[in-house]
Amino acid sequence: MTAPNAAVGRGLAADLLKMADEELFVGHVLTSTAGWGPELEINLAMSSIGQDEIGHARVLYGLLGDADSASVSALVYERPADQFHAAALSSVYSTDWATLVVKHFLYETADQHRVQLLADCTVDQVAAVAERVRDEETYHLDFWTTWFHRTLDARQGPSRVQSALDELWPSGGELFDFSTSERGGLADPATVDEHRQRWSDGVAAVCQERGLVLREGPTIPAATDRILDEMRLVYKTAPGSWK
Amino acid sequence: MTRLTADSDSDRSRIESDVCALLEQVEDPELPVSIIDLGMVREVQAHAGEAGASRCTVDVQLVPTFLGCPAQLFIERDVRQALQNVASIAEVRIIWVPAEQWQLGDISARGREALRRIGVAIPDDDGRARCPHCDSDAVVIDSEFGASLCRRLAHCETCGENVELMRSRPRRHTAPAE
């Protein structure tokens, strides 16, 4: 098993693991559902973005200890399901286009702030990869913002996007549920809350502009088991063969 | 540009040059271009072996084109294979450096020519490219995302052929929305 990275304290490690798990789930679901977009180029984009996200997960896992393939793979394929703490939004599975667009619009706009937290991290190794991750995420934000607006321009767009927002918005804040300062996490609680608020205000501004309403509601459950079962099926079929 | 360490003695320096020459035989799994010409090899550094040992350890630092590039494992395998018969090397360590940026300017002139021959163009800083088939500048992007993370789809309005454009980091940042 990998030896923990001495430069990364327990709280920060928990936060990096959460972010890595979220990137992994977003990437996995995208690569699984690429094919359900309305046109070929969208499906190409979904599978490319999914690949990027899995790559980001890999780099984040690598910050926790040994970065070689075997160590990172163990975190993904052998860790018990109850040790994954990804926000439920990241594991949303849907072939409904409006749901996909809203999921990713919320996720990518939040990720802009989350990657900023990485960039501002006092541990050099963490801040060093943030720039690279942010550059690649720029393409994702462009894509999903564009399709959020284009979907709203379609005749059924506003009602379907509103339904998806009603379902997903209440769970969005979980993307900012990082460690408290007592455990020395990614950032102090005030900074995290400031980013959460700025993200929320940004989404609210876009929604107001497009005539959408952000409503309170129940949070959704995470689909961790489904994702892990899918992801690990081949690995479990022949354990020990994938080194 | 691949850096060779400045403080090595002549033996280690020679090994490093030999390693670079061998890495010129290691091609990207999908493109007929060496990882040296793609600008993926950041540094080759030979370290003296243990006291009295005649063989050294070589560190090869590689930069991924995109963090999610699936070719990384294949490139690792191919680098090890290329260096396995060098008598003076006891151990090869491959170190991926995800914090370093890879960009289109890192591709050598030889790499650009090899790409052009298979219909892949490299856009300039303003995003313009010449058609690798007919040299026209009427290249139109069809999709930001293409057959792999480092390529986008385009076509030439003059000759009608498909064109792939190499892709790397965007030139601008989007700050978090206020």
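Nothing here was measured: the structure is a model prediction, and the numbers come from that model. Below, chains carry the letters A, B, ... as their sequence lines are ordered, and counting in each starts from 1.
Residue pairs meeting the ring pair (Phe, Tyr, Trp, His ring centres under 6.0 Å) criterion with at least one partner in residues 77-104 of chain B, sequence neighbours excluded, do not occur; the list is empty.
Inspection of non-hydrogen atoms places Ser48(A), Ile49(A), Gln51(A), Asp52(A), Gly55(A), His56(A) of residues 48-56 of chain A under 4.5 Å from chain B. Listed by sequence position, Thr65(B), Phe66(B), Leu67(B), Gly68(B), Pro70(B), Gln72(B) are the residues of residues 65-72 of chain B in contact with chain A, using a 4.5 angstrom heavy-atom cutoff. Contacts of residues 26-43 of chain A with chain B at a heavy-atom distance below 4.5 Å involve Glu41(A), listed in sequence order.
Between Leu44(A) and Gly146(B), the shortest heavy-atom distance links the atoms CD2-O, 3.6 Å. Taking every heavy atom of both residues into account, Glu100(B) and Arg132(A) meet most closely at O-NH1, 2.7 Å. Considering all non-hydrogen atoms of both residues, Ala128(A) and Ala99(B) come closest at O-CB, 3.5 Å.
Of the two parts of Leu153(B), only the side chain, counted from C-beta on, holds a non-hydrogen atom closer than 4.5 Å to a non-hydrogen atom of chain A. Interface residue Leu73(B): only side-chain heavy atoms are found under 4.5 Å from chain A. Interface remark: Arg151(B) contributes no atoms to any contact with chain A (heavy atom separation under 4.5 Å). With a 4.5 angstrom heavy-atom cutoff, Glu144(B) touches chain A only via side-chain atoms.
By number of non-hydrogen pairs under 4.5 angstrom with chain B, the leading residue of Asp111(A), Val59(A), Val203(A) is Val59(A).
The environment of CG in Asp153(A) is crowded: more than 12 heavy-atom neighbours from other residues, nucleotides or ligands sit within 6.0 Å.
When atom types are taken as modelled, the side chain of Arg169(B) and the backbone of Glu136(A) share no donor-acceptor pair closer than 3.5 angstrom.
Expressed to the nearest 0.5 Å, how far CG of Asp68(A) lies from CD of Glu76(B) amounts to 9.0 Å. Atoms OH and CZ, from Tyr139(A) and Phe145(B) in turn, are 8.5 Å apart once rounded to the nearest 0.5 Å.
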